[in-house]
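One structure is given here, and the rest of the page talks about it.
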Amino acid sequence: MAHGELVVDVRRRLPGRGAWLHRDPECLAKAERKRAFPRALRVAGPVDVSAVRNTLAELVTEE
């Protein structure tokens with residue numbers, strides 16, 4: 001995570017904490033509603049999930 005923005009690591013190679021997410025857009029919406037990312041990543045304050053949303057949209061359209 002860089003400056004409050006989540007980074008998608010599809011290859012699972014980046015160091016540090018991570019959070020798993022299903023390829024279901026509703027799963028992302030639920031995680032946002034429950035503020036799950038700051039808790040899972042142990043960060044204070046809000047996080048920008050736009051990169052996750054964009055990557056998830058791309059993955060879903062590929063299927």
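Computed from a predicted structure; not experimentally measured. Counting begins at 1 with the first residue of the sequence.
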TODO: Run the numbers on V8 and V10 for side chain to side chain contact (heavy atoms under 4.5 Å, CB included), then give the verdict.
DONE: CA-CA 6 Å; V8 179; V10 178; 3.6 Å; yes

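Listed by first and then second residue, the side-chain hydrogen bond (donor to acceptor under 3.5 Å, both in side chains) pairs involving residues 34-51 are D48-S50 (not counting sequence neighbours). Listed by first then second residue, pairs satisfying salt bridge (Lys or Arg N to Asp or Glu O under 4.0 Å) with a partner in residues 13-22 number zero, not counting sequence neighbours.
Applying the side-chain contact (heavy atoms from CB on, under 4.5 Å) test to P38 and every residue at least two apart in sequence or in another chain returns V43, V47. For R23, the salt bridge (Lys or Arg N to Asp or Glu O under 4.0 Å) partners are E63, not counting sequence neighbours. With sequence neighbours excluded, no residue satisfies salt bridge (Lys or Arg N to Asp or Glu O under 4.0 Å) with R12. E58 pairs by the salt bridge (Lys or Arg N to Asp or Glu O under 4.0 Å) definition with nothing, not counting sequence neighbours.
Note that the NZ atom of K30 and the CG atom of L21 stand 12.0 Å from one another [nearest 0.5 Å].
Hydrophobic clustering keeps V49 apart from L59 (ILVMFWY residues linked when any side-chain heavy atoms are closer than 4.5 Å, directly or through intermediates).
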